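Remarks on the structure that follows.
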Protein chains: 2
Amino acid sequence: MKTKQPFHHGSLKQALLDASGALLDQQGPEGVTIRAIAREVGVSHAAPVNHYKDREALLTALATVLFKDILASVQEKLSDKNLPASTRISAFAIVLFEYAMAYPNRYRLLWHTGLVNHDDPELLDVMDQFYNACRAEIAGAGLCSEQDTETYAIALWSLVHGYTDLRLTGMFEAKNDTISGRPRLEAMLDMFLNPSHAKSP
Amino acid sequence: MKTKQPFHHGSLKQALLDASGALLDQQGPEGVTIRAIAREVGVSHAAPVNHYKDREALLTALATVLFKDILASVQEKLSDKNLPASTRISAFAIVLFEYAMAYPNRYRLLWHTGLVNHDDPELLDVMDQFYNACRAEIAGAGLCSEQDTETYAIALWSLVHGYTDLRLTGMFEAKNDTISGRPRLEAMLDMFLNPSHAKSP
DNA sequence: TCCTTTAAGTTGACGTTGTCAATATTGACA
DNA sequence: TGTCAATATTGACAACGTCAACTTAAAGGA
């Protein structure tokens, strides 16, 4: 048995992130504690401090990784250049929503002030990329006047984030949202992207 | 000095709620700990358990009170029967947003899964009242076909909640949301309630 | 090759938290 | 007056984040 645990892990920083992600999926944001992560990786409870200043720093790094995944997912979907404008725009909404439904705890972490530092430059950078890409897509589609694009983009993100968040807290699940989530989202997007919804028969 | 602290507080349950609200405003949801509340009220750290099963129960009760305040605020605004339909509808949005800006920590608590139990019947009841009132107002205005009212109402709540939440995390504050919050919200509501925004000059 | 430096991991401690069990106090009611 | 149930206190426990002191090992220069 020469395969004893080496004193130096070698890639603990990455291992910590991986374990954090797994813990997050299983137990939710509250379950992602420094000590639990350390246990998972098989390292002492104070080892993580060498790689992340504190719990918030670790969770912020994790959130950044997760949001990068979302961004990459959108970009991949948009790589098809033949998509109609409305499809390209709603891609931002669909990807975000589906991600949240597939990994509710990850989405929850992203917006968990108190665990994540939303002033972190790296995290801000990724979120800005997401927003700017969305904004650019809207501007390119000519859906509204140029001066309204900002409002339009903010409204789109707000709509999707709001619906997603309310849904994750179980707000519509029970009674009113009889149509399961995704179709409802698409109905809202349709209303939003196609203003001719008013007073339809 | 006959004014010694009586052993029985008399109205500890209410005092706990009051102290929780004050702590919430000052320190945010994480600062509202059982022990801190007990200290504030001047009672032993285990006293609250007689009135609330655990921390989650206490914070859920607090959230219920806060949401009742919001609902009452909306109802008061709607008591004027001469308001135009669009004003009545946007009242839900405005009140919610202004409340969140005035008391950010309270709004944060409302949606803080892990601290608040969103399956609590009393809390659900208040939220249902809020949603149903909003839905009724939309249905009455005839803004959309009857079968679309549900989607319309959910979209409105999602839009406002999403914008509010993103704004509280500081998302637009820095760069893009140069127009301060309230005007931006009104621009979005205008876009939402008045579909003629498409391709305006 | 040996010695030093330094990054990385461990151990043990401290203060804080939520919660529980055991105990004490009090007010109300018989 | 005596009893009981509600209410409050005390003390304990485990888990947490963080820090300081220590140990280990790897790397690099002499």
Side-chain angles (χ1 to χ4, degrees), chain A residues 1-20 22-24 26-63 105 109 112-117 120, chain B residues 1-20 22-24 26-63 105 109 112-117 120:
Chain A
M1 274 280 196
K2 206 130 193 275
T3 45
K4 220 189 80 180
Q5 296 288 0
F7 188 85
H8 288 301
H9 184 284
S11 55
L12 182 53
K13 190 162 188 173
Q14 183 59 47
L16 290 173
L17 271 188
D18 295 345
S20 301
L23 269 172
L24 176 60
Q26 296 162 17
Q27 323 220 34
E30 289 80 9
V32 190
T33 68
I34 296 272
R35 291 174 110 103
I37 299 166
R39 270 192 301 267
E40 202 76 10
V41 177
V43 94
S44 84
H45 66 267
V49 82
N50 291 305
H51 302 276
Y52 296 100
K53 181 172 129 281
D54 52 17
R55 190 186 179 206
E56 191 185 67
L58 201 163
L59 291 180
T60 302
L62 177 57
N105 289 330
L109 176 70
H112 198 137
T113 312
L115 293 184
V116 166
N117 172 22
D120 179 79
Chain B
M1 275 277 201
K2 213 147 186 255
T3 45
K4 220 190 75 177
Q5 296 289 359
F7 188 85
H8 289 300
H9 183 286
S11 56
L12 182 53
K13 190 161 189 173
Q14 183 59 45
L16 290 173
L17 271 189
D18 295 344
S20 302
L23 269 172
L24 176 60
Q26 296 162 19
Q27 324 220 31
E30 290 80 8
V32 189
T33 69
I34 298 270
R35 291 174 110 104
I37 299 166
R39 271 192 299 266
E40 202 75 8
V41 177
V43 95
S44 83
H45 66 267
V49 83
N50 291 304
H51 303 277
Y52 297 101
K53 182 173 130 280
D54 51 18
R55 190 187 179 205
E56 191 185 67
L58 201 163
L59 291 179
T60 302
L62 177 57
N105 289 329
L109 176 71
H112 199 136
T113 312
L115 293 184
V116 165
N117 173 22
D120 179 80

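Sequence lines set the chain letters: A, B, ... in the order given, protein chains first and strands last, and positions in each chain run from 1. Every heavy atom of this structure was used, including side-chain atoms; hydrogens, water molecules and symmetry mates were not. Everything numeric in this text was worked out from a predicted model, so none of it was measured.
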Kindly write out the residues that satisfy ring pair (Phe, Tyr, Trp, His ring centres under 6.0 Å) with A:His45, not counting sequence neighbours, or none if the list is empty.
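With sequence neighbours excluded, A:His45 shows a ring pair (Phe, Tyr, Trp, His ring centres under 6.0 Å) to no residue whatsoever.
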I'd like to check the ring pair (Phe, Tyr, Trp, His ring centres under 6.0 Å) partners of B:His112; sequence neighbours left out, ordered by chain and number.
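Here the qualifying residues are A:His112.
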Partner residues of B:Gln14 under the side-chain hydrogen bond (donor to acceptor under 3.5 Å, both in side chains) criterion, sequence neighbours left out:
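If we apply the side-chain hydrogen bond (donor to acceptor under 3.5 Å, both in side chains) test to B:Gln14, skipping adjacent residues, the hits are B:Asp18.
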Rounded at 0.5 Å granularity, tell me how far CD in B:Glu30 sits from CG in B:Leu23.
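Between B:Glu30 CD and B:Leu23 CG, I get 12.5 Å after rounding to 0.5 Å.
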Between the protein and nucleotides 11-15 of chain D, which nitrogen or oxygen pairs are less than 3.5 angstrom apart?
from, atom 1, to, atom 2, distance (Å)
D:dG11, O6, B:His45, NE2, 2.9

Closest non-hydrogen atom pair between A:Leu62 and A:Leu24, with its separation:
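Scanning both residues completely, I find the closest heavy atoms to be CD2-CD2, 4.1 Å.
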B:Val41 and B:Ala15: which non-hydrogen atoms are nearest, and at how many Å?
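Smallest interatomic distance, heavy atoms only, reads CG2-O, 3.8 Å.
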Between B:Glu30 (CD) and C:dG18 (P), how many Å, whole number?
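So the two atoms are 12 Å apart, to the nearest Å.
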Looking at B:Val116, is its backbone amide N or carbonyl O close enough to the side chain of B:Thr60 to form a donor-acceptor pair, meaning the two atoms are under 3.5 Å apart?
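Checked: no pair found.
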Just name whichever nucleotide pairs with D:dC22, Watson-Crick or G-U, keeping both distances under 3.5 Å, else none.
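Because both required distances fall under 3.5 Å, D:dC22 counts as paired with C:dG9.
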Return a table of donor-acceptor pairs under 3.5 angstrom between the side chains of residues 46-58 of chain A and protein atoms on other chains or two or more places apart.
from, atom 1, to, atom 2, distance (Å)
A:Asn50, ND2, A:Ala47, O, 3.3
A:Asp54, OD1, A:Glu56, N, 3.4
A:Asp54, OD1, A:Ala57, N, 3.0
A:Arg55, NE, A:Val32, O, 3.0
A:Arg55, NH2, A:Pro29, O, 3.4
A:Arg55, NH2, A:Val32, O, 3.0

Near DNA chain D, under 4.0 Å by heavy atom, which residues of residues 47-57 of chain B?
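Going residue by residue through residues 47-57 of chain B, the ones with a heavy atom under 4.0 Å of DNA chain D turn out to be B:Ala47, B:Asn50, B:His51.
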